[in-house]
Amino acid sequence: MLQQTQVATVLRYFPNWMRRFPSVRALADAPEADVLHAWQGLGYYSRARRLHAGARFLLERHAGELPRTHAALLELPGIGAYSAGAIASIAFGEKKPLVDGNVVRVLARHFGLRGDPGKGPLRRALWQLAGELVPEDRPGDFNQALMELGATVCTPRAAACGACPLRATCVARRDGLVEKLPELPARPKPTRVRAVAVAVRDGKRVVLVRLPASAPRWAGLWTFPHVELEPNETRAAAAERAVHGALGVKAHIGVELARIEHTITRFRIALELVEATLPGNVLRGALRAEHVVRALPSELSRHAMPAPHRKLAVWLLANGGAS
DNA sequence: AAGACGGGGCT
DNA sequence: AGCCCAGTCTT
């Protein structure tokens, strides 16, 4: 849960997660829908699916117990070099390094390492260095200390060098490079896109569709039928296309209901919610599919939805089913 | 060896 | 408005 996610954010999810899945078996036995529901809003949903798969893997291969070696941990879905190093060193006292965003920063600054830490040469050097530094005695404490130093003292901006226990030997501090290191590439500015989502009405109910497991984004989550607008495409045409793509039927497109802005990894999406109805004769068959559900606005929260569609669902609930 | 994957905290 | 977060997996 903490992979690429701040502790402050995880704190809002972890207690509920542990209440719903208090054991490896509880998680392994849970339907994926429940797992995604408990994860909804956290992002990087493949983490949830891998954690789920990991629980099942543990039951099949390790009698439901976490293996105690770095090598065996690495075989688990969702456990990469960082997590295997963290668990092996912190939980089991194995002398293994770890490199997370904090460690990258601390090491790059302290040793004055130039280059992009995401690229091969420096990336390898950082793991090599971390491996040489981690001690036989209390490797977990050392690793946590390194991360904690990065999180609290050697921060991305306004580092508290005066309070740093390593200030005497820090190359970046000596050379005035603290703010320059590590040399992370700037994230490209998000591309602006317009998208339309459709609230397909069936009386007081509204249609949600579940994205297929093969979807590049939000796989397994429920959304309103939606598409990005093509160049020069009208909102209504896009809305029709969205409904046809999701349900295979033609819809009567109505008025715009709401509009939100949402930024995800590389896109800044202006997402408009448009109302629609279906001809009565196609309604029943089209909505029978397993990946389609009709729900009252008050029931939408039962389904795992990504943040932007969740916002639209909240809007629908607040602003009623006025149709 | 690059890209892709979410969403939000914090400056 | 940016930057970055206790990374992993796929292409």
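Not measured: the values here are computed from a predicted model. A, B, ... follow the sequence lines: proteins, then strands. Residue 1 opens every chain.
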Query - Near-strand residues of residues 110-140 of chain A, defined as heavy-atom separation under 4.0 angstrom from DNA chain B - result: A:Lys119, A:Arg124
Query - Sequence-distant partners of A:Thr263, side-chain hydrogen bond (donor to acceptor under 3.5 Å, both in side chains), two or more places apart - result: A:Arg268
**Report entry** Pairwise P distance for B:dT11 and C:dA6, with rounding to whole Å
**Finding:** 13 Å
Query raised in the report: Can you name the ring pair (Phe, Tyr, Trp, His ring centres under 6.0 Å) partners of A:Trp127, sequence neighbours left out?
Result: none
Report task. Report the residues that fulfil side chain to side chain contact (heavy atoms under 4.5 Å, CB included) with A:Arg173, sequence neighbours left out, ordered by chain and then residue number. Result -> A:Cys161, A:Arg167, A:Cys170, A:Val178
Query raised in the report: Taking side chain as C-beta onward, heavy atoms only, is A:Leu129 less than 4.5 Å from A:Leu113?
Result: yes
Query raised in the report: Are any of the side-chain heavy atoms of A:Lys96 and A:Pro139 separated by less than 4.5 Å?
Result: no
Report task. Take atom C1' in B:dG6 and the same atom in C:dC5, then report the distance between them in whole Å. Result -> 12 Å
Requested in this report: Answer yes if the side chains of A:Gln40 and A:Arg310 hold a donor-acceptor pair under 3.5 Å, and no otherwise.
Outcome: yes
Report task. For DNA chain C, find the residues of residues 80-99 of chain A with a heavy-atom distance under 4.0 Å and give them by number; none if there aren't any. Result -> A:Gly80, A:Ala81, A:Tyr82, A:Ser83
Report task. For A:Ser298, check side-chain hydrogen bond (donor to acceptor under 3.5 Å, both in side chains) against everything at least two apart and list the hits. Result -> none
**Report entry** Partner residues of A:His303 under the ring pair (Phe, Tyr, Trp, His ring centres under 6.0 Å) criterion, sequence neighbours left out
**Finding:** A:Trp222
Requested in this report: Give the B/S/- string for nucleotides 3-11 of chain B, one per nucleotide from 5' to 3', where a protein heavy atom under 4.0 Å of the base yields B, of only the sugar-phosphate yields S, and otherwise -.
Outcome: -SBBBBB--
Query - C:dC4 versus B:dC5 - spacing of their C1' atoms, nearest Å - result: 15 Å
Requested in this report: For A:Arg105, report the nucleic acid contact type (base, sugar-phosphate, nothing); a contact means any heavy atom under 4.0 Å.
Outcome: sugar-phosphate
Query - Spacing of the C1' atoms in C:dC9 and B:dG8 (rounded, Å) - result: 23 Å
Query raised in the report: Using 4.0 Å as the upper bound for N to carboxylate O, is an ion pair formed by A:Arg68 and A:Glu94?
Result: no
Query raised in the report: Nucleotide range of DNA chain C contacted by chain A, 5' to 3', under 4.0 Å to a heavy atom?
Result: C:dG2 to C:dC9
Query raised in the report: Any side chain to side chain donor-acceptor pair (under 3.5 Å) pairs touching residues 114-125 of chain A, not counting sequence neighbours?
Result: A:Arg114-A:Glu183
Query raised in the report: Looking at A:Arg194 and A:Glu272, does any basic side-chain N land under 4.0 Å from a carboxylate oxygen?
Result: yes
Report summary line: For A:Leu66, the other hydrophobic cluster members (4.5 Å side-chain criterion, sorted by chain and number) are A:Val24, A:Phe57, A:Leu58, A:Leu59, A:Leu73, A:Leu76, A:Ile79, A:Ile87, A:Phe92
Report task. Taking ring pair (Phe, Tyr, Trp, His ring centres under 6.0 Å) as the test, write out the residues that go with A:Phe142, two or more places apart. Result -> none
